[in-house]
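Okay, structure first, notes after.
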Amino acid sequence: MKENYFPQEIEKKWQKIWDEGKCFKTPDESDKPKYYALSMFPYPSGKLHMGHVRNYTITDVIARFKKANGFNVLHPIGWDSFGLPAENAAMKHNADPETWTDENIAYMTKQLKMLGLSYDWDREVTTCKPDYYKWTQWLFLQLYKKGLVYKKEAAVNWCNECGTVLANEQVIDGKCWRCDSVVEKKYLSQWFIKITEYADVLLEDLDKLTGWGDNVKTMQANWIGKSHGAIFKFPVVDAPNGDVKEVPVYTTRPDTVHGITYLVVAPEYKDIEKLTTPENKQAVEEYRANARKMTEIERLSTERIKTGVPLGTHCKNPFTGEIFPLWTADYALVEYGTGAVMAVPTHDTRDYDFAKKYNLPMKVVIQNPENPSNCEKEAYIDEGVLINSGEFNGMKNTEAKKAITEKAVKEGFGEFKTQYRLRDWLISRQRYWGAPIPVVYCDKCGIVPVPEDQLPVMLPKDVDFKVVGKSPITTSPTFKDTVCPVCGGHATRETDTMDTFVCSSWYYLRYADAKNDKECFSKDKVNHWLPVDQYVGGIEHAILHLLYSRFFTKALRDCGLLNFDEPFKNLLTQGMVLKDGAKMSKSKGNTVDPDEIFENYGADTARLFILSDSPPARDFDWSDAGVEGCYKFLNRVWRLISTNQDNIKLDYKLNSSLEKSNDDLVRTVHIAIKGITNDISNDFQFNTVISKYRELVNAIYDWQAKKPNLNDEDKQVLSFAIISMIKLMSPVAVHLTEEAWHELGGEGSVHEQEWCKWDENLAKASSITLVVQVNGKVKDKIEVDEGVSDEELKATALASPKIKALTEGMTVVKTIVVPKKLVNIVVK
RNA sequence: GCUCCAGUGGCGGAAUCGGUAGACGCGUUGGACUUAAAAUCCAAUUGGGCGUAUAACCCAGUGCCAGUUCAAGUCUGGCCUGGAGCACCA
């Protein structure tokens with residue numbers, strides 16, 4: 001074994017051996033229990049960044065740890081390779097996005113191998129390849145058959161910069177998630193997936209996900225946004241030509257129904273024209289035209305002063321017989337509820353602001369216990385007792401919600417209603433680099449799905465990427481015109497492609513059976529390997545990818561393709577990698593290139609460092625000094641092994657009774673095994689695992705410093721310590737430990753060795769430090785033997801000269817003994 | 001505004017059940033080795049009492065204010081600050 005540590009040399013050597021020997025291939029059949037460890041697959045953007053390094057290292061260590069602990073581990077990787085950056089690159093260079101993507105995949109594959117990750121490369125999936133997107137299209141057709149896919153004209157989010165529509169989930173603060181430009185509303189006919197049909201079960205099943213963090217679960221719950229309320233129908237008393245009889249509203253505050261003083265419909269409300277009097281027509285039209293022009297940001301700004309115009313017509317409140325006016329205002333949203341709102345200015349802040357501005361009347365119906373008379377300064381939105389509410393006066397408002405709705409149900413003008421904020425998932429994209437939506441439009445038959453035996457609908461190659469203002473796919477002379485599969489007549493293909501999130505909603509299923517060319521996956525294999533036991537990825541997917549994937553799993557279960565209902569049993573959302581307190585980004589210029597770290601320090605240092613300083617879920621601040629420190633530590637480990645090479649025997653034997661310092665070292669090793677094993681098992685606390693590596697290495701050095709000459713017992717003990725250390729470090733320092741294992745004469749791979757076991761009797765020090773407190777404050781510490789009884793502890797504590805001095809002349813009220821730890825003497 | 005998470009030395013962070021606060025590392029300071037440097041090793045490093053050293057001791061201390069307890073970083077209530085998500089969702 002060389003005296004000095006040359007990571008670049010040994011890493012290259014072992015990577016070649018592992019790769020050529022397919023050392024991390026996972027058999028489908030095994031006597032061992034299965035374990036599925038998965039990182040969120042990358043977009044092949046060009047190069048790995050440190051976020052990838054962190055993500056994949058975490059999952060790799062988990063995979064290796066589980067393998068050493070007797071599991072048959074599935075640990076795959078693939079590429080989320082459709083998407084706009086490839087297309088943009090292609091437009092810039094007038095090249096094929098596929099070439100750009102393939103080159104990136106090749107480079108990033110090399111980098112992943114340089115990181116020493118234990119992937120089963122035979123299961124690699126690439127979403128932009130026909131052997132994958134064929135099945136994405138096939139799954140689209142299954143959902144279509146189930147009635148979960150439909151096309152409709154709707155107000156959709158349009159990003160001008162990207163030249164495509166976006167899903168609601170991809171609009172962040174009114175801006176495009178990818179390019180940050182302001183999103184506009186457009187009315188277009190688009191394809192949707194009916195995720196709302198699963199809103200309730202997606203919400204309820206969050207409770208089953210005990211292995212997910214509360215933060216992600218709450219984010220999803222908020223996004224789904226379930227609320228309980230009622231629908232009330234208000235008769236219209238003076239519609240101009242009488243064909244709109246009533247306006248239904250959704251409310252979560254049926255208890256305030258007696259306080260209604262006006263009603264608001266959204267500017268896009270379907271019956272708005274029929275509800276407008278001729279005198280008001282012009283003003284209403286102008287208001288609506290103006291609303292259409294506004295961007296989402298302008299319209300949704302909460303700071304904006306509310307505006308609206310009256311329609312001139314009126315409704316009757318069936319509870320009170322009161323007549324109140326109809327208005328249109330853009331604070332009512334057409335997509336939510338019924339698109340109309342009953343306004344109770346006294347008990348809703350938005351209605352209050354609006355009523356103040358337009359001098360609309362107010363009527364208090366819930367009494368504020370602290371200010372019973374009025375709501376002059378602001379709306380009272382908390383709980384209270386009903387007043388001015390006829391038969392419901394005196395009732396608590398929480399009870400009145402139910403009672404009032406029940407009355408409406410009985411008398412036929414209302415119903416209980418559960419409402420969700422979640423909207424259907426818009427999956428059409430007017431872009432080239434995606435999976436073509438497999439439908440055709442026939443002049444005679446209308447929308448016709450492409451028959452399954454004609455899949456995949458291939459992306460055309462004969463397109464012009466330089467085209468402006470429309471999707472390159474539409475420029476293909478061969479793609480669009482086709483034959484209707486039903487009538488054989490002329491038909492045109494759908495030129496929209498699918499949102500890439502459709503491709504990534506099922507990739508984790510494909511890994512179970514990646515090379516299957518007959519089905520998207522075999523049911524048996526997918527049921528065997530899934531659900532994913534541990535999923536690791538960034539928090540930025542808390543809603544998007546994770547919600548879509550949960551939906552897909554449930555929908556495919558209902559299609560009979562699999563028999564589980566949640567895809568990811570445990571989820572670890574890793575924190576961001578920061579540098580100087582800010583997220584690493586090219587624009588800030590604070591990125592660190594993984595290649596440089598591999599080159600200067602080796603992958604083992606990178607792996608060790610990325611796990612060392614912060615727990616995985618927290619943000620990680622990159623520091624060059626920290627890398628240096630990890631590199632020095634690995635050098636220290638290397639020296640410990642190389643200088644002792646002749647003293648270490650793989651087949652060491654420990655005597656049952658050992659000399660004190662040897663006994664202590666053996667105990668230290670057992671403590672380390674126990675601690676490291678538990679830290680990995682509980683929440684993957686790799687930062688403390690690594691501090692325990694250091695403690696162990698420090699202990700071995702300290703032990704050795706006291707032993708200039710080693711006798712036989714010393715050598716056995718040292719062998720035990722060092723071999724245990726190598727095995728414990730093998731999931732992290734994968735190359736160094738493999739090299740050491742072989743240099744010491746080990747057979748096979750260190751990564752095929754069983755995990756170390758500890759002896760509970762040895763995993764503790766031979767003596768303990770007794771802490772003595774007086775009135776709860778530490779006053780003395782006394783070394784005592786490990787096996788002492790509580791009585792002896794108490795006696796020892798009371799016999800301490802310090803304690804005697806402190807308790808002199810006082811009465812001992814009580815003595816608390818914590819076994820093997822502490823005595824607290826309470827005195828007065 | 002609503003929801004969730006977090007707050008511990010100069011820094012990253014540690015502390016199963018409430019039981020020695022600050023593990024481990026980074027940084028800093030001093031020292032050894034060296035012609036010198038690098039590397040390596042040793043020591044100190046929460047603040048204050050305490051501006052000579054050594055040894056010892058004492059006090060305070062985990063965002064703030066209360067509470068429960070023999071004992072609180074940890075539990076309870078109320079705040080403050082920071083971060084994240086949602087947000088005119090009726």
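Just so it is clear, the values below take in all heavy atoms, side chains as well, and ignore hydrogens, waters and symmetry mates. Just so it is clear: chains get the letters A, B, ... in the order the sequence lines come, proteins before strands, and each one is counted from 1.
Residues forming a side chain to side chain contact (heavy atoms under 4.5 Å, CB included) with A:Val788 (at least two apart in sequence, or on another chain): A:Val784, A:Asp785, A:Glu792, A:Leu793. Taking the side chain to side chain contact (heavy atoms under 4.5 Å, CB included) definition, one finds that A:Arg636 meets it with A:Arg639, A:Val697, A:Asn698, A:Tyr701, sequence neighbours left out. In this structure A:Asn215 satisfies the side-chain hydrogen bond (donor to acceptor under 3.5 Å, both in side chains) test with no other residue, sequence neighbours excluded. For the ring pair (Phe, Tyr, Trp, His ring centres under 6.0 Å) test, residues two or more places apart in sequence or in another chain that qualify with A:Phe324 are A:Phe234. Residues satisfying the ring pair (Phe, Tyr, Trp, His ring centres under 6.0 Å) criterion with A:Phe416, sequence neighbours excluded, are absent altogether. With sequence neighbours left out, the side chain to side chain contact (heavy atoms under 4.5 Å, CB included) criterion links A:Ala355 to A:Tyr262, A:Pro345, A:Leu360, A:Met362. Residues passing the ring pair (Phe, Tyr, Trp, His ring centres under 6.0 Å) test with A:Phe501, sequence neighbours excluded: A:Trp177, A:Tyr548.
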All N/O contacts under 3.5 Å from nucleotides 41-49 of chain B to the protein, with atom names and distances to one decimal?
| unit_1 | atom_1 | unit_2 | atom_2 | d |
| --- | --- | --- | --- | --- |
| B:rC41 | OP1 | A:Arg636 | NH1 | 2.5 |

Short heteroatom pairs, N/O only, protein and nucleotides 24-28 of chain B, under 3.5 Å:
| unit_1 | atom_1 | unit_2 | atom_2 | d |
| --- | --- | --- | --- | --- |
| B:rG25 | OP1 | A:Asn698 | ND2 | 3.2 |

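A:Arg288 places no side-chain N or O within donor-acceptor distance of the main-chain N or O of A:Glu268, the cut-off being under 3.5 Å.
Nearest nucleotide to the side chain of A:Ser614, out of B:rG13, B:rG19, B:rC4: B:rG13.
Rounded to whole angstrom, the span from the NZ atom of A:Lys217 across to the P atom of B:rC5 amounts to 11 Å. Rounded to an integer number of Å, the gap from A:Lys802 NZ to B:rC58 C1' is 12 Å. For the pair A:Asp330 CG and B:rC88 C1', the interatomic distance rounds to 9 Å; values are reported in whole Å. Rounded to a whole Å, the CZ atom of A:Phe620 is 13 Å from the C1' atom of B:rC11.
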Worksheet, complete the sentence: RNA chain B in dot-bracket form (Watson-Crick or G-U pairs under 3.5 Å, [ ] crossing, | inter-strand) is (((((((..(((......[....)))((((((.......))))))((((.......))))..(((((..]....))))))))))))....
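Nucleic acid contact for A:Lys781: base, since at least one base atom lies under 4.0 Å from a heavy atom of the residue. The residue A:Val771 sits close to a base: some heavy atom pair falls under 4.0 Å. Note on A:Val826: only backbone sugar-phosphate atoms sit closer than 4.0 angstrom, heavy atoms only; bases stay farther off. Residue contacts for A:Gln220: at a heavy-atom cut-off of 4.0 Å it reaches no nucleic acid atom on any strand shown.
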Enumerate donor-acceptor pairs with a distance under 3.5 Å from any side-chain N or O in residues 570-578 of chain A to protein atoms, sequence neighbours excluded.
| unit_1 | atom_1 | unit_2 | atom_2 | d |
| --- | --- | --- | --- | --- |
| A:Asn570 | ND2 | A:Asp533 | O | 2.8 |
| A:Gln574 | NE2 | A:Gly51 | O | 3.3 |

Item to complete: Could you run through nucleotides 71-84 of chain B and give me one letter per nucleotide, 5' to 3': B if any protein heavy atom sits under 4.0 Å from the base, S if only the sugar-phosphate is that close, - if neither?
Response: S-------------
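Residue A:Lys306 places no side-chain N or O under 4.0 Å from the OP1 or OP2 atom of B:rC88. Of the side-chain N and O atoms in A:Tyr331, none sit less than 4.0 angstrom from OP1 or OP2 of B:rA90.
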